[in-house]
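Okay, structure first, notes after.
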Amino acid sequence: MKKILVFVAAGMLSMGFMSCNDSASSSSDAMDSLSMVFGDLAGADMKQRISMDSTIDINELLKGIEYMANADTSRSFQAGLQMGMQVAQLYQGINMQCGMPMNKALFMKHLTDALNAKTPMSQEDMAAIQSKIEPLIDKAIEQSPMAKENKAKGEEYMKKLKNDKSYTFTKSGIAYKVINPGEGKNFCDSDVVKVIYVGKHIDGTEFDNSKGEPRPMNLKQVVPGFAEILQLMKPGSKFEVVIPSDLAYGKQGRMPNIKANETLLFEIETVGIQDPNEQPAMPQMPQVRMK
């Protein structure tokens, strides 16, 4: 907090807002200056955080910020607004993963009952409820028209590739085309391989892109299809790869860009093995799917 206040004070001084000759309005001027500098700082920080998300509408974002920031309500109501935003994100996430909307009325009834309970639920009871979640998500996905459609489209796509002689199929069902074979030894499952890649849906739209920068891929921590293909590659290899859903992110997908049962396309270029002494990087796509 001190660092922020020092930044604010420095900003006010540099802009000439602090004047000893105008004591009558110094208080309001100081607060106006503080407001402006904090606004600049907060806006710049938010801009930086949302710059990578093309789905954000600035005008809608501002409406939400102003509504929350100007809400003249009790602390309890403000807490409810914040929790409500988390619930809205849950609704959105479940809808994207399962391809069907949550039953909001049932959700709110059970949430209300839990909040109005005379005593908090025990940790054991909460754990018992949590153990039900994954099987229920799996069941919802199995019944989802979106998941069924994605599965059928993927299978049809792979079937068409069988007629393309430029592709080779592995025993597991991955299709790949060698653009450049590379040189040296094949990678093994204990390697961390530097990879330049582009990930696409079967309609050709991108869901991820390393933007020409090599990203470290631990073969023990990526989806099965990606790990299998990398072990067919060498330093300098470049492949075009089609990974069926069961060897990619499967029925769970990967929010927010990869839906259930999606077959995925990758352009993969290997640079080499990461030096063990090199500073470890943040995990990158395509990470291992959830169990």
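These numbers come from the heavy atoms of this one structure, side chains and all, not from hydrogens, waters or symmetry mates.
The shortest side-chain heavy-atom distance between Lys159 and Glu156 falls under the 4.5 Å cut-off. Residues Phe187 and Leu232 have side chains not in contact (no heavy-atom distance under 4.5 Å, counting atoms from C-beta outward). Using a 4.5 Å cut-off on side-chain heavy atoms (C-beta onward), Ile196 and Glu267 make no contact. In this structure, the side chains of Asp208 and Asn257 stay at 4.5 Å or more apart for every pair of heavy atoms. In this structure, the side chains of Asp45 and Arg49 come closer than 4.5 Å at one or more pairs of heavy atoms. Under the 4.5 Å side-chain criterion, counting only non-hydrogen atoms from C-beta, Lys194 is not in contact with Thr270. Two residues are said to be in side-chain contact when any heavy atoms from C-beta on lie closer than 4.5 Å; Val198 and Lys200 meet this criterion. Arg215 has its side chain out of reach of Val195: every pair of non-hydrogen atoms, C-beta onward, lies at least 4.5 Å apart.
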| task | Kindly determine whether Ser122 and Asp125 satisfy side-chain hydrogen bond (donor to acceptor under 3.5 Å, both in side chains), including the steps that lead there. | result | CA-CA 5 Å; Ser122 69; Asp125 288 341; 3.2 Å; yes
| query | Does the side-chain hydrogen bond (donor to acceptor under 3.5 Å, both in side chains) test come out yes or no for Tyr197 and Asn209, once each step is laid out? | reply | CA-CA 6 Å; Tyr197 67 92; Asn209 191 329; over 6 Å; no
| request: Run the numbers on Glu262 and Lys259 for salt bridge (Lys or Arg N to Asp or Glu O under 4.0 Å), then give the verdict. | output: CA-CA 6 Å; Glu262 280 205 82; Lys259 308 299 190 297; 5.4 Å; no
| message | I'd like to know whether Ile258 forms a side-chain contact (heavy atoms from CB on, under 4.5 Å) with Leu264, so could you lay out the CA-CA distance, the side-chain angles of the two residues, the decisive distance to 0.1 Å, and finally the verdict. | response | CA-CA 9 Å; Ile258 301 171; Leu264 302 177; 4.0 Å; yes
| said: Under the criterion side-chain contact (heavy atoms from CB on, under 4.5 Å), I'd like the reasoning laid out for Gln274 against Met217: C-alpha separation, chi angles, the key distance, then a yes or no. | reply: CA-CA 9 Å; Gln274 179 168 277; Met217 299 286 176; over 6 Å; no
| request: Walk me through it: do Lys153 and Glu149 pass the test salt bridge (Lys or Arg N to Asp or Glu O under 4.0 Å)? | output: CA-CA 6 Å; Lys153 284 182 177 179; Glu149 181 180 357; 3.0 Å; yes
| request: Please lay out, stage by stage, how Ser237 and Glu269 fare under the test side-chain contact (heavy atoms from CB on, under 4.5 Å). | output: CA-CA 6 Å; Ser237 292; Glu269 184 176 357; over 6 Å; no
| request: With side-chain contact (heavy atoms from CB on, under 4.5 Å) as the test, would you mind laying out the steps for Ser245 and Asn150 before giving the verdict? | output: CA-CA 9 Å; Ser245 64; Asn150 287 343; over 6 Å; no
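Contact detail for Ala260 and Ala147: the closest heavy-atom pair is CB-CB, 3.9 Å. Taking all atoms of both residues into account, the shortest heavy-atom contact from Pro224 to Ala248 is CD-O, 4.2 Å. Smallest separation of non-hydrogen atoms from Cys98 and Ala140: SG-CB, 4.0 Å.
Under the side-chain contact (heavy atoms from CB on, under 4.5 Å) test applied with Ile268, the options Lys238, Met233, Glu240 reduce to a single match, Met233.
Side-chain atoms of Asn261 and Tyr249 include no donor-acceptor pair closer than 3.5 Å. Defined by atom type and a distance below 3.5 Å, a donor-acceptor pair is present between the side-chain atoms of Thr170 and Ser172.
Taking CD1 from Ile129 and CD from Glu124, the interatomic distance works out to 12.0 Å, rounded to the nearest 0.5 Å. Rounded to the nearest 0.5 Å, atoms OG1 (Thr168) and NZ (Lys165) are 11.0 Å apart. For the atom pair CG of Leu61 and CD of Glu66, the computed distance is 10.5 Å after rounding to the nearest 0.5 Å. Remark: Met83 CE to Leu90 CG distance equals 14.0 Å, nearest 0.5 Å. A distance of 9.5 Å separates CG of Leu34 from CG of Asp32, quoted to the nearest 0.5 Å. To the nearest 0.5 Å, atom CD1 of residue Ile174 and atom CZ of residue Phe239 are 11.5 Å apart.
Judged purely by atom type and a 3.5 angstrom limit, Thr205 has no side-chain atom pairing as donor or acceptor with the backbone of His201.
At a threshold of 4.5 Å between side-chain heavy atoms, the hydrophobic network of Ile, Leu, Val, Met, Phe, Trp and Tyr places Met108 and Ile94 in one connected group. By the rule that hydrophobic residues join a cluster once side-chain heavy atoms approach within less than 4.5 Å of another member, Met158 and Leu247 end up as members of separate clusters. The hydrophobic cluster containing Ile141 does not contain Leu136, counting ILVMFWY residues as joined when their side-chain heavy atoms lie under 4.5 angstrom apart, directly or transitively. Tracing side-chain contacts under 4.5 Å through hydrophobic residues (I, L, V, M, F, W, Y), one reaches Val178 starting from Ile229; they form part of the same cluster. Linking ILVMFWY side-chain heavy atoms closer than 4.5 Å, directly or via other members, places Tyr167 and Ile202 in a single hydrophobic cluster.
Around atom CD of Gln78, more than 12 heavy atoms belonging to other residues, nucleotides or ligands sit under 6.0 Å away. The number of heavy-atom neighbours closer than 6.0 Å to CE of Met68, taken from other residues, nucleotides and ligands shown, is above 12.
Evaluation of the side chain to side chain donor-acceptor pair (under 3.5 Å) test over residues 179-191, restricted to residues two or more places apart or in two chains, returns none.
For Phe226 and Phe266, the ring centers are positioned less than 6.0 Å apart. A centroid separation of less than 6.0 Å is found between the aromatic rings of Phe107 and Tyr91.
A salt bridge does not link Lys160 with Asp164: none of the charged nitrogens is closer than 4.0 Å to a carboxylate oxygen. Under a 4.0 Å N-O distance rule, the pair Lys139/Glu142 does not qualify as a salt bridge.
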